[in-house]
Amino acid sequence: MAEMSTRFNFTDVEEKWCRFWEDNHIFHARTDPEKTAYSVVIPPPNVTGILHMGHALNNTLQDIIIRHKRMGGHEACWMPGTDHAGIATQNVVEKQLAKEKKTRHDIGREALLERLWAWKKQYGDTIINQLKKLGSSCDWDRTRFTMDEDYSQAVRHVFVSLYEKGLIYQGQYIINWCPRCQTALSDEEAEHQEHQGALYYIHYPLKKDRSKYLTVATTRPETMLGDTAVAVNPKDPRYQDLIGETLILPIVDREIPIIADDFVSPEFGTGAVKVTPAHDPNDFAMGQRHNLPSVNVMHPDGRMNENAGEFAGTDRFEAREAIVEFLNELKALEKIEKHSHAVGHCYRCHTVVEPYLSKQWFVKMKPLAAPALKVVQDGTVRFYPERWSKVYTAWLENIRDWCISRQIWWGHRIPVWYCQECGEVIVALEDPFRCPKCSSTLLKQDEDVLDTWFSSWLWPFATFGWPQNNEDTRYFYPTQSLFTASEIIFFWVARMIMAGIEFMGDVPFHNVLIHGTVRDAQGRKMSKSLGNAIDPLEIIQEYGADALRFSLIINSGQDIYISKDKFEIGRNFANKIWNASRLVLMNVRFTDRPASALENINLANADLPAQWIVSRLQSTIETVDTALDQFRFSEAENAIYDFFWGAFCDWYLELVKPDLSREDVQRITFAVLEQSIRLMHPFIPFVTEEIWQHLGVSQECLSRQAWPKANKQFKNSVAETRMRLFMELTTALRNTRAQWNIRPNQKISCVITGSQNDLDLLTTMQDKLKLMAQIEDLNFSAETPSAKDSASGVVGPLKFFVPLSGIIDIDQEKSRMRKEQDELDRLCQTITKRLSNEQFLAKAPQDVVDKEKAKVEQLTEKMNALKTVLSNLG
RNA sequence: GGACCCGUAGCUCAGUUGGUUAGAGCGCUUCCUUGACAUGGAAGAGGUCACAAGUUCGAGUCUUGUCGGGUCCACCA
């Protein structure tokens with residue numbers, strides 16, 4: 001056996017096992033017909049990503065489940081990989097280009113893609129390597145990328161299929177446009193943030209009498225250049241005679257009609273709305289209703305275009321100021337009011353998005369949403385916590401069509417070709433050579449690529465090789481559980497469910513676990529820009545991956561508030577496991593070390609501490625199993641922490657230390673340790689794996705061992721009760737020692753009185769009691785001794801007396817006991833009162849009543865004992 | 001404007017269908033370098049469970065309201 005140092009050297013150990021697990025394909029999942037698959041889905045991180053605490057939490061949760069299931073005998077599959085993250089990745093490379101003072105248009109599509117692939121090759125594995133350091137037990141042999149050849153085939157297949165079903169269409173609509181990224185965005189990709197803006201009141205003169213005007217209010221004056229009408233509510237009495245009149249649009253002097261539309265609410269602003277169909281979704285709809293023309297006044301980069309007259313070429317926000325100033329000079333500006341409203345921002349670069357009229361591809365969502373709603377309503381897919389299903393449902397019920405075309409180059413090219421001769425639109429799985437209609441070879445592929453999420457939504461099956469390789473897909477699909485943060489319920493979770501049902505005929509997973517956000521101690525989101533982020537890699541270096549994992553989970557409630565010192569708990573626990581194991585291994589002499597040796601040990605002959613710890617182990621296993629089945633991770637960890645540290649180390653090991661030279665004691669202790677190491681492995685994999693090697697039970701690594709089974713036969717409530725009494729007595733005696741400042745190495749005498757039964761029990765434990773409480777002279781007696789200068793106390797049915805003549809202050813001792821007596825009395829009274837309440841007796845369940853009765857008995861017994869002890873003190 | 005979450009010890013949080021004298025970790029106080037571990041051990045102090053009303057034999061737990069903090073969604077320009 002190799003040396004075990006007093007400190008757990010996590011750095012070397014973690015590195016060693018990371019490499020071992022990967023090199024030996026320990027986590028590779030096969031289509032083993034003897035086993036049941038348990039596969040999980042986790043958001044594939046962006047290929048541009050670097051590991052942050054959110055990833056650490058997400059991956060740890062998932063790893064705990066997957067290791068639990070793997071040890072539980074399932075063929076557990078965790079598919080790792082990265083997402084090409086279209087806009088984000090292209091932005092990274094475009095920034096590099098910008099340093100060379102070039103734009104993507106300078107170098108062209110091919111060259112940009114070359115650079116992107118080069119970037120991916122060089123940096124794309126960064127986050128994957130970081131995930132390995134966490135101990136994530138992914139099937140690394142299956143690592144996928146959303147732009148892998150076969151994955152791209154799946155994307156294309158899906159596009160064509162949806163097109164053929166009429167669920168994908170092209171159309172001219174108002175979409176969210178990011179002028180910086182210069183691409184369309186989906187509704188979800190526009191993040192609305194509350195923004196303190198202004199409401200500008202502008203006069204639009206009447207054509208028939210230019211001295212008269214109508215005042216409109218707008219937050220975006222620059223778009224007025226594209227106005228093609230002004231609308232009022234048809235029932236608004238103020239404007240009845242103006243409907244149908246013509247206004248002169250200031251600045252550009254265009255004639256525009258006053259129309260009536262129910263959309264306009266009379267209460268807001270002046271009750272008159274400028275209508276700009278090319279720059280506002282509502283106005284666009286109104287434009288359609290009233291056959292209004294659309295005037296686009298902006299370039300794609302956010303500068304005003306030729307329709308903006310003298311403002312052409314200026315940026316939209318500069319144009320806003322200039323126009324306001326100009327209107328002011330014209331005396332056409334009535335007033336400016338402060339106005340706070342939500343403004344959309346690009347989720348990748350945070351530029352204010354522009355509602356923009358353009359031709360894009362869309363997915364018709366209603367038909368896909370209906371079955372996705374159903375599976376959550378009928379419980380086929382469950383959210384944990386359940387409340388997230390409401391968020392999901394609300395979104396699906398109000399879903400709008402999904403804009404999937406992006407005017408960038410990094411991504412899956414839209415498989416659509418336009419015949420340059422006859423205008424035919426060709427949508428095909430294979431690149432076409434000729435137009436099927438006119439046979440022309442002059443075909444031009446659509447310039448755009450697909451939204452990244454249009455590939456992400458296929459992750460649960462495209463990663464298994466669908467639609468080509470269906471053996472893996474059949475075996476592992478549907479997966480069981482998805483782990484993610486709430487932010488991507490719409491982007492990803494909902495869409496995966498839709499795609500799964502549509503293409504696989506079954507949901508992609510059954511459990512959706514939504515975990516909290518990792519925040520700093522002040523409750524702020526961790527972000528690089530705030531400078532409050534704690535780098536998980538730094539924590540791994542300083543405290544170890546085990547510590548990082550354990551600490552994150554034990555602190556996880558809803559959201560997780562974390563500061564650096566929080567990671568000490570995990571580090572300390574790992575060290576504790578290490579040292580407890582060291583103690584056991586230093587003493588164990590026998591060489592045959594069968595797995596799960598507990599089964600072969602005759603516990604009936606074992607002593608109380610052994611029966612107790614084995615019993616506690618069983619309930620701990622049960623608690624962990626139940627907690628994990630319900631995704632209550634911190635509860636599972638608490639149970640483990642409590643058992644291993646609070647019971648096994650603090651009590652059991654302390655008690656058996658002197659007996660560790662006995663083989664029977666060694667065997668039980670070893671067996672309990674062995675089971676504990678298995679039990680703790682999913683949570684704290686590295687230290688347990690390392691200890692496993694030292695245990696010498698198996699050549700195979702712990703990650704592939706069987707999960708411990710709770711054995712009900714080993715549960716022993718009698719032993720637990722007895723042990724509790726022993727521990728309480730020990731604590732009370734130690735308390736007495738501390739109370740009277742007795743040095744730790746100074747021995748005391750002690751007399752204990754109680755029933756013969758209890759005293760018999762204590763007799764079997766007397767050496768241990770002496771050891772734990774540093775007693776030299778221990779006597780048991782049925783009679784209360786006369787002990788006038790003793791510290792004394794009552795523990796359950798026992799009374800104890802510690803003679804301390806010359807040390808003890810009897811008056812102080814008496815007053816302490818009287819205080820205790822009063823406390824008991826007060827308690828006793830409330831319970832007696834409860835028991836004399838007829839309503840309580842009539843309505844409370846019998847077991848509750850019985851419990852209360854037993855309580856009173858116990859309390860009375862204790863009070864009597866105290867009374868005896870007190871009177872004994874004189 | 002809708003929806004949701006949170007308010008329990010100095011701090012961060014547990015507390016599963018209402019039923020012991022409300023728990024843990026950190027921090028704090030006192031003591032302990034006894035060969036597994038000072039990243040440790042022993043003992044202890046600390047809470048009218050935000051507030052108010054209600055339901056109930058019984059409320060930290062359920063209902064309603066108030067106050068405070070947070071999140072998501074939303075095309076009133």
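For the numbers below, each heavy atom of this structure counts, side chains included, while hydrogens, waters and symmetry mates do not. Per chain, numbering begins at 1; letters A, B, ... match sequence-line order.
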Starting at atom [atom1] of [X], determine the distance to atom [atom2] of [N], rounded to an integer number of angstrom.
X: R289(A); N: C75(B); atom1: CZ; atom2: C1'; answer: 11 Å
X: L673(A); N: C37(B); atom1: CG; atom2: C1'; answer: 14 Å
X: R220(A); N: C75(B); atom1: CZ; atom2: C1'; answer: 10 Å
X: L396(A); N: A74(B); atom1: CG; atom2: P; answer: 13 Å
X: W395(A); N: A74(B); atom1: CH2; atom2: P; answer: 10 Å
X: Y641(A); N: C13(B); atom1: OH; atom2: P; answer: 18 Å
X: I399(A); N: C73(B); atom1: CD1; atom2: P; answer: 14 Å
X: M53(A); N: U12(B); atom1: CE; atom2: C1'; answer: 15 Å

Do any side-chain nitrogens or oxygens of [X] fall under 4.0 Å of OP1 or OP2 in [N]?
X: R737(A); N: C32(B); answer: no
X: R7(A); N: U39(B); answer: yes
X: N572(A); N: C37(B); answer: no
X: S634(A); N: C13(B); answer: no
X: N837(A); N: G58(B); answer: no

Indicate, with a heavy-atom threshold strictly under 4.0 Å, whether [X] touches base, sugar-phosphate, or nothing.
X: P845(A); answer: base
X: A854(A); answer: nothing
X: N587(A); answer: nothing
X: L827(A); answer: base
X: K851(A); answer: nothing
X: A394(A); answer: nothing
X: T276(A); answer: nothing
X: K566(A); answer: sugar-phosphate
X: R571(A); answer: base
X: W645(A); answer: sugar-phosphate
X: F490(A); answer: sugar-phosphate
X: H279(A); answer: nothing
X: P744(A); answer: sugar-phosphate

What is the base-pairing partner of A24(B), counting Watson-Crick and G-U wobble geometry with both distances under 3.5 Å?
U12(B)
G-U wobble or Watson-Crick pairing nucleotide for C76(B) (cut-off 3.5 Å, both distances)
none
Report the relative orientation of the aromatic rings in Y543(A) and F567(A); use parallel for angles under 30°, tilted for 30 to 60°, perpendicular for over 60°.
tilted
Measure the acute angle between the ring planes of H339(A) and H341(A), then classify it against the limits of 30° and 60° as parallel, tilted or perpendicular.
tilted
Q858(A), CD: over 12 other non-hydrogen atoms inside 6.0 angstrom:
no
Tell me if the aromatic rings of Y641(A) and F573(A) count as close, with their centers under 6.0 Å from one another.
yes
Please tell me whether W388(A) and F383(A) form a close aromatic pair, meaning their ring centres lie under 6.0 Å apart.
no
Side-chain-base donor-acceptor pair under 3.5 Å for E654(A) and A42(B):
no
Under the 3.5 Å rule, do the base of C37(B) and the side chain of K576(A) count as making a donor-acceptor pair?
yes
Exactly one of T228(A), D280(A), D227(A) should register a side chain to side chain donor-acceptor pair (under 3.5 Å) with K274(A). Which one does?
D227(A)
Between R549(A) and E637(A), is the closest basic N to carboxylate O distance under 4.0 Å?
no
